[in-house]
Amino acid sequence: MKSTITKFYRTAIGIVPILLFLSCSTEDFLENENKSKLTDQTQWQSEGNADIFVNDVYSEIPRICTLAEQLDYYTDDYNISHYYTASNWRQGICQAPATSTTGVWGGTHGPTNGYSWETFFQKVRKCNTGIKELEANKDNFSEEYYNQRIDELRFLRAYFYSEFFMHVGGLPILTEPLDRNTMTEEELLTPRATFEETFNFITGELGSIVDNGHLEIKYNSGDPDAGRATLGAALALKGWIELFAASPLFNSGSPYLPDPGNFVHFATPDVGRWATAAATNKKFIDEYEGIYELFDDLPNLWRASNEYNSEVIWDRQIVANVGGMGSNYERRGGPTYVLGEYLTWGNYNPTQEIVDQFAMANGKPITDPTSGYDPQNPYANREKRFYDFIVYDGAPYKLDWMPEQDTIYTRIDETYANPDKTNQIDLAGSSDVGDSGYYQKKRLNPDAAPGNDASGQNDLLYRYAEVLLNYAEAQNEAVGPDQTVYDAINKIRNRSDLPDLPAGLSQDEMRKAIHTERRVELCFENKRYYDNKRLMQQEETMGVARHNMVIRNTVPSDNSGVWTYSVEPEVKYTAKFEPRQYMSPIPQNVIDQNPNIPQNPGY
C-alpha cells in the first residue's frame with residue numbers, strides 16, 4: 001500500500017494544508033494563511049494554492065473500481081443477474097431518462113461508466129475555470145509550472161470529453177466556463193457539435209499537448225507527481241480515440257439509424273482513418289518504447305505495490321482505508337465463499353463465451369481439432385492467462401491475504417449439506433453466488449482482503465499492451481498483416497508463453513486473431529463494451545443468450561458417477577438488443593432546457 005501523504009488527490013481543500021505544513025517550522029506554520037478558506041483572489045496567488053484547485057480536478061476522474069456497475073456487465077463477457085441498469089439493457093430496455101442520472105438500480109438509461117450529462121459538464125467547467133484562472137494570473141507562476149498545469153487541464157478536459165463521447169457521440173464544445181451574468185442566451189445555449197467536430201476537438205487537443213512537450217513522458221513509482229497527466233497518456237488516448245472512430249459503427253457512411261445531424265457518425269466515410277490511427281499508435285511505439293514496455297509479470301500487473309510499472313500509461317489513484325478514497329472492488333468480485341466464509345458479492349461472473357476465447361497452451365484455439373481440447377476436461381492444458389484470470393470449478397485459489405489455499409467448486413453438488421454456503425452455480429440468480437460457473441481472478445488485489453475502502457490498487461485505465469493491440473488492428477485494416485502487425489501481437493502472446501501467430505495469415509484471418517487476442521488480453525478491464533460497439537457486434541453478441549458452465553454428476557445422490565460438463569444458456573432474462581442502444585440517450589430535461597441539443601437516434 002502506498003503512503004497516503006504521497007497521493008496528491010488528497011490536496012483537495014481542507015486536506016492539503018495539513019500536508020503542506022508538515023515540513024514547516026512552527027513560526028512559518030503560524031504565519032501561513034488558512035488554505036481551507038481560500039478566496040477567488042488567494043486561490044491563484046501561488047503555485048501551491050493553484051494546485052489545490054488543479055488537484056481537485058483530478059479527483060473528478062470516476063473511481064471505476066467502486067462503481068456498482070462495471071461496463072463489462074453490458075457485454076458477453078459477464079453474466080450478471082442483479083437488478084442493475086445492465087439487466088434492463090440486455091433485454092433491450094433503454095430510454096431517455098427524465099433527468100440526468102447514473103443510478104444503477106433498475107435504471108433504464110443505459111451504461112454511463114460514472115458519467116451523466118450533468119456530472120460531465122461539471123468536470124468540464126472545472127477544467128475551463130482552471131485554465132481561465134491560470135491564464136489570468138500567469139504572472140504568479142513560473143513558466144514551467146504554468147505550461148505544465150495548463151496542458152494537464154487540457155488533457156483532463158479532453159479525457160472527460162473522450163469518455164462521454166464514446167457513450168453519446170457529438171457534444172457541445174465548451175472551452176470557457178459559462179456565465180449567465182455576462183453571456184448572451186445564444187452563447188449559453190451552445191449547440192451540440194457533430195460527431196466529427198467533437199472527434200476533431202478531442203484529438204486536436206491531445207495532439208497539441210504532445211507537440212508542446214510540456215508534460216513528462218511517464219512517471220514511475222515514487223515520483224511525487226505520479227498520477228498526473230503525461231505525454232504518454234495524451235498520445236495513447238489520441239491513438240485509441242482514432243481507432244474507435246475509424247471503426248465500422250462510425251466510419252461506414254451508413255449510420256445504424258437515421259442520423260441527419262451527423263451526431264453519431266462521420267458524414268463521409270474515409271478508410272484513411274485507419275492509417276491515421278495506426279500512425280499515432282506507431283509514434284507511441286517508436287518514440288516511447290523502452291520508457292513504456294510490457295510488464296513481465298502479467299497477473300501481478302494490478303498489484304498495488306507494482307503501480308506505475310513499465311506498462312502503466314494512465315491510471316486513477318486510489319488510497320486504501322481512507323474514507324471515500326479506497327476501493328471495494330475485491331468486495332464485489334471473486335468467489336463468494338472463501339475458506340467457508342461469505343466474503344464477496346460474487347458480481348464478476350465470466351461467461352462461457354469469454355472462457356472459450358482462451359487458447360490451449362500450445363497456442364491453438366479450442367475449436368481446432370488438433371488443439372487437444374477435451375470438452376469433458378475443459379480446464380486442462382489451457383494458456384497461462386486462463387489460470388491467471390479465471391476461477392473455474394476445482395481451481396486452487398490463494399491470494400496473499402488468505403492464511404491458506406482454498407479450492408473453489410462451482411459444480412452442482414446435491415450431497416453437500418448446505419448448498420447455499422458454497423460457490424456452486426446459482427442458475428436462478430437468487431443469491432450472491434455466481435451465475436455462470438466461473439468467477440474472476442484478474443484485477444483482484446492479492447494483498448487486500450474484501451472490504452469497503454480496503455484496497456489501494458489504482459484504476460489502470462490505459463496500458464502499453466493496449467497500444468500494441470490498437471496499432472496491430474489499425475495497421476492491419478490500413479495495409480494488411482505486415483511484419484509490424486505480427487511483431488505487435490506476438491509480443492503480447494509471447495509474454496504469456498504462447499507461440500507466435502502462424503505466418504501467412506490473410507487480412508481477414510489476422511483481423512480475427514487480433515480481435516481474439518484483444519478480447520483475452522483486455523478482458524474485465526471495461527474495454528469489451530467499446531469494442532462490441534465500434535465493431536457493430538452488439539446485435540450479434542447481446543441479442544442472444546450468454547452461456548454458463550453447468551457441472552452435474554450422473555449419480556447425484558452420492559456423486560459416485562461421472563461429472564459432466566454442459567454449456568447451457570442463461571435462463572433468467574430473454575436477451576434482446578435494439579439498434580438505438582449503440583449510443584446512450586440524452587436526458588429529456590437537457591433537451592427541454594436547450595433546443596440546440598437534439599436527441600440520439602431511436603429515442
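From a predicted model like this one, the values you see are computed outputs, not experimental measurements. Sequence positions, counted from 1, serve as the residue numbers for this chain.
In this structure, N490 contributes its side chain and Y486 its backbone to a donor-acceptor pair below 3.5 Å. Side-chain atoms of T101 come within 3.5 Å of backbone atoms of G103 as a donor-acceptor pair (strictly under, hydrogens ignored). Without hydrogens or angle criteria, D393 side chain to R411 main chain gives a donor-acceptor distance under 3.5 Å. Judged by distance alone, with hydrogens and angles left aside, the side-chain atoms of N88 form a donor-acceptor pair with the main-chain N or O of G107 at under 3.5 Å. No donor-acceptor pair closer than 3.5 Å links the side chain of E517 to the backbone N or O of I514. With hydrogens and angles disregarded, no donor-acceptor distance shorter than 3.5 Å links the side chain of Q95 to the backbone of H109. Of the possible polar contacts, one joining the T422 side chain to the Q424 backbone as a donor-acceptor pair under 3.5 Å is found. The main-chain N or O of P378 is found under 3.5 Å from a side-chain atom of R382 such that the two form a donor-acceptor pair. Although no hydrogens or angles enter the test, the distance criterion places a donor-acceptor pair under 3.5 Å between the side chain of E69 and the main chain of A86. Remark: side-chain polar atoms of N309 are paired, donor with acceptor, to backbone N or O of N306 under 3.5 angstrom.
Under 3.5 Å, the side chains of N300 and D297 contain a donor-acceptor pair of N or O atoms. Between the side chains of Q70 and N526, at least one donor N or O sits under 3.5 Å from an acceptor N or O. Checking S560 against D558 by side-chain atom types alone, a donor-acceptor pair falls below 3.5 Å. A side-chain donor from one of T370 and K364 sits under 3.5 Å from a side-chain acceptor of the other. For S506 and D508, the side-chain atoms include no donor-acceptor pair closer than 3.5 Å. Side-chain contact check for Y308 and D315: at least one donor-acceptor pair (N or O, by modelled atom type) lies under 3.5 Å. No side-chain N or O of E539 forms a donor-acceptor pair with one of Y256 less than 3.5 Å apart. Under 3.5 Å, the side chains of S247 and R534 contain a donor-acceptor pair of N or O atoms. A donor-acceptor contact closer than 3.5 angstrom links the side chains of S431 and D426.
None of N548, T351, N349 except one satisfies the side chain to side chain donor-acceptor pair (under 3.5 Å) rule with N79; the exception is N548. Applying the salt bridge (charged side-chain N to carboxylate O under 4.0 Å, His left out) test between R519 and each of D72, D76, D356 identifies D76 as the sole match.
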Worked verdict on Y392 versus F386 for ring pair (Phe, Tyr, Trp, His ring centres under 6.0 Å): CA-CA 9 Å; Y392 53 91; F386 173 77; 5.2 Å; yes
S455 and I318: CA distance, side-chain angles, deciding distance, side chain to side chain contact (heavy atoms under 4.5 Å, CB included) verdict: CA-CA 8 Å; S455 178; I318 303 296; over 6 Å; no
Run the numbers on R463 and E521 for salt bridge (Lys or Arg N to Asp or Glu O under 4.0 Å), then give the verdict. CA-CA 11 Å; R463 58 187 178 98; E521 176 69 20; 2.9 Å; yes
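Aromatic ring pairs are classed by plane angle as parallel below 30°, tilted from 30° to 60° and perpendicular above 60°; the pair H167 and Y529 is parallel. The aromatic rings of Y74 and W89 sit perpendicular, their planes meeting at an angle over 60°, well past the 30° parallel limit.
Between F284 and Y292, the gap from one ring centroid to the other is short of 6.0 Å. Outside the 6.0 Å centre-distance limit, the rings of Y83 and W105 are not counted as a close aromatic pair.
For K421, the NZ atom is loosely surrounded, since the number of other residues' heavy atoms within 6.0 Å does not exceed 12. Within 6.0 Å of atom CG in D296, 12 or fewer heavy atoms from other residues, nucleotides or ligands are found, so the atom counts as exposed in its surroundings. With a 6.0 Å radius and a threshold of 12 heavy atoms from other residues, nucleotides or ligands, K491 has its NZ atom above the threshold.
Of all non-hydrogen atoms in R580 and Y603, the two that sit nearest each other are O-OH, 2.9 Å. The two residues P499 and N362 make their nearest non-hydrogen contact at CG-O, 3.4 Å. Contact between Y471 and A488 at its shortest, heavy atoms only, is CD2-CB, 4.3 Å. Here the closest non-hydrogen pair linking A277 and G239 is CB-O, 4.3 Å. Of all heavy-atom pairs between A68 and N347, the closest is O-ND2, 4.4 Å. Of all heavy-atom pairs between E311 and F295, the closest is OE1-N, 2.9 Å.
D388 places none of its side-chain heavy atoms less than 4.5 Å from the side chain of K441. Within the 4.5 Å cutoff, no side-chain heavy atoms of S436 are placed close to those of M549. For the pair V264 and Y582, the minimum side-chain heavy-atom distance is 4.5 Å or more. You'll find the side chain of Y530 reaches within 4.5 Å of the side chain of N113, heavy atoms only. In this structure, W345 and T336 have side chains that are not in contact, with every pair of non-hydrogen atoms separated by 4.5 Å or more. Here the side chains of V485 and M510 are in contact, with some heavy-atom distance below 4.5 Å. Contact check for E383 versus V520: side-chain heavy atoms found under the 4.5 Å cut-off. Between N600 and S584 the shortest side-chain heavy-atom distance does not fall below 4.5 Å.
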Distance-only check: which donor-acceptor pairs under 3.5 Å involve side-chain atoms of residues 403-410, not counting sequence neighbours?
residue: D406; atom: OD2; partner: L339; partner atom: N; Å: 2.6
residue: T410; atom: OG1; partner: G437; partner atom: O; Å: 3.1

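A salt bridge links R518 with E466: the closest approach of a Lys/Arg side-chain nitrogen to an acidic carboxylate oxygen falls below 4.0 angstrom. Salt-bridge check for E525 with K442: passed, with a basic side-chain N closer than 4.0 Å to an acidic carboxylate O. For the pair D497 and K384, the salt-bridge criterion is not met [side-chain N within less than 4.0 Å of a carboxylate O]. A salt bridge between E242 and R273 is absent, with no side-chain N of the basic residue lying under 4.0 Å from a carboxylate O of the acidic one. Under a 4.0 Å N-O distance rule, the pair E353/R546 does not qualify as a salt bridge. In this structure, D531 does not pair ionically with K527, as no charged nitrogen and carboxylate oxygen lie closer than 4.0 Å. Between E330 and R443, none of the side-chain N atoms (NZ, or NE/NH1/NH2) sits under 4.0 Å from a carboxylate O, so this pair counts as no salt bridge.
Under the side-chain contact (heavy atoms from CB on, under 4.5 Å) criterion, S566 pairs with R552, E568, not counting sequence neighbours. Annotation: ring pair (Phe, Tyr, Trp, His ring centres under 6.0 Å) contacts of Y115 (sequence neighbours excluded): none. For F244, the ring pair (Phe, Tyr, Trp, His ring centres under 6.0 Å) partners are W240, F250, not counting sequence neighbours. Y78 is linked by a ring pair (Phe, Tyr, Trp, His ring centres under 6.0 Å) to Y73, Y348, F524, counting only residues two or more places apart in sequence or in another chain. With sequence neighbours left out, the salt bridge (charged side-chain N to carboxylate O under 4.0 Å, His left out) criterion links R331 to no other residue.
Here the CG atom belonging to D77 is positioned 6.5 Å from the SG atom belonging to C523, to the nearest 0.5 angstrom. Rounded to the nearest 0.5 Å, atoms CG (D453) and OG1 (T66) are 8.5 Å apart.
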